[in-house]
Amino acid sequence: MKVLAILYTGARAAVQEPRLLGTVENKLGLEKWLASRGHELIGTFNVLLPILSMPDEWLLVSSDKEGPNSDFQKHLVDAEVLITTPFHPGYLTRDLMEKAKNLRLCVTAGVGSDHIDLNAAIDNKVQVLEVTGSNVTSVAEHVVMDILALVRNFIPAHEMIERGDWQVSDIARNAFDLEGKVVGTIGAGRIGYRVLQRLLPFDCKELLYYDYATLPKEAEQAVKARRVEDIEEFVSECDVVTVNAPLHEGTRGLINEKLLSKFKPGAWLVNTARGAICDQDAVASALKSGQLRGYAGDVWNVQPAPADHPWRTMKNPLGGGNGMTPHYSGTTIDAQARYAAGTKSILENYFDGKEQEPANVIVGDGAWATKAYGQR
Ligand code: NAI
């Protein structure tokens, strides 16, 4: 049994904070857990802790994921189980999957499995599971924070203070209240719906959603949200758009130059779903021109984002409007405890031949098991 886990490097922080479970150093708590299940020959191997010979049964944990000589590509070839996280995605392309002859199970420690070619997983009968729900509250809170940070022009205000300046008018000229604004979510699933719930007390003018799946009437009424079926009409009505849908063929590049031109001039856009849902250059130029007043989120089309990625430094005409962070909204300490526990439970079911929790299954038995990754 070969289990390969691609996690992010925690370095000093992971040594100081053992609850950083999603790191190479703390290995999702799997090392101790597997040993406690009687797996005797557990070798751990990573860039920090190499071992020379491989036992028959091993857990390989590494953050090294790019290129043919990476631990990811070298050890995928005979791995049976692959564990990845969206925060430091090991991109499992069709080509790589076809070389991984023993691969049976991919587990996403978190939510969002678009870094795996899901159609290839279907064709190759590789199951794909994620820890559904594990970090949805973490992300919904982050979305609300990003919306407030942009609408209230918080980041330039804080930067001004650190610089030693004090010019209230430079900040106030682009600061607004969320009250009275129209906010809409693309995707009203677990995260999108939680965002709507959290926005309710802000007395927005209206809460809208765009999703091919209609919310049950009671759920719609509970958050006083209205569904808009046409995406152009939807964005043209929103002061704030938040993206909370998975990345798939139907959402890749969805927010492009054409759709951005239909936004209300000076709207705010928050995307914590996946970077590639928004066109990189179209967003940067919409912010530069002022068509977008602000853009915030933690997800990038390539992760880690290169040092010269335009989203790191893009600004609106007044020099603000950028609320980008590294991908961390769904990997708070609280979320890590939940997705580490969920990963173990998926592995336990797999080892013991038990049925998986249906909500966790994205691809199972050579077929889609979810309706969230596009209308088919
Ligand atoms: P979910 O499956 O509960 O909800 C997704 C919703 O999006 C569904 O209602 C689905 O019908 C809708 N949808 C799919 N395609 C659509 C389209 N073309 N247009 C409109 N709506 C569409 O998923 P959940 O838990 O809400 O997560 C959503 C996404 O958020 C994940 O797939 C992941 O990419 C991202 N995410 C990001 C995290 C972060 O740390 N930044 C952490 C967790 C999730």
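Small disclaimer: the values here were computed from a predicted structure and weren't measured. Counting starts at 1 for both ligands and their atoms, following the listed order.
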Would you say that more than 12 heavy atoms from the other residues, nucleotides or ligands in this model lie under 6.0 Å from the [atom1] of [X], or not?
{"X": "E257", "atom1": "CD", "result": "no"}
{"X": "F176", "atom1": "CZ", "result": "yes"}
{"X": "R198", "atom1": "CZ", "result": "yes"}

Just to be sure I read this right, does ligand 1 sit under 4.0 Å from the backbone of Q375, its side chain, both, or neither, counting only heavy atoms?
neither
Quick one: does [X] get a heavy atom under 4.0 Å from ligand 1?
{"X": "H248", "value": "yes"}
{"X": "S329", "value": "yes"}
{"X": "Y328", "value": "no"}

Counting from 1, what ligand 1 atoms have a heavy atom of [X] closer than 4.0 Å?
{"X": "F87", "answer": "40 (O)"}
{"X": "V139", "answer": "38 (C), 39 (C), 40 (O), 42 (C), 43 (C)"}
{"X": "P246", "answer": "5 (C), 7 (O), 14 (C), 32 (O)"}

In this structure, atom 43 (C) of ligand 1 is nearest to the protein heavy atom N135 OD1, 3.2 Å
Starting from atom 25 (O) of ligand 1, what is the nearest protein heavy atom, named by residue and atom, and what distance separates them?
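Result for atom 25 (O) of ligand 1: V136 CG1, 3.3 Å.
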Among residues two or more places apart or on two chains, list those pairs meeting salt bridge (Lys or Arg N to Asp or Glu O under 4.0 Å) that have a residue in residues 303-316.
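Sorted result for residues 303-316: empty, none.
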Quick test of your reading: applying salt bridge (Lys or Arg N to Asp or Glu O under 4.0 Å), list the pairs with at least one residue in residues 322-338, sequence neighbours left out, ordered by first then second residue.
none
Do H327 and W300 pass the ring pair (Phe, Tyr, Trp, His ring centres under 6.0 Å) test, and can you show the C-alpha distance, the side-chain angles, and the key distance before you say yes or no?
CA-CA 8 Å; H327 191 170; W300 304 72; 10.0 Å; no
Winner among I362, V243, V299, I191 once heavy atoms are compared against atom 26 (O) of ligand 1
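The option holding the nearest heavy atom is I191.
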Taking the ring centre of each residue, are F263 and W268 less than 6.0 Å apart?
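Aromatic pair excluded; centres sit 6.0 Å or further apart.
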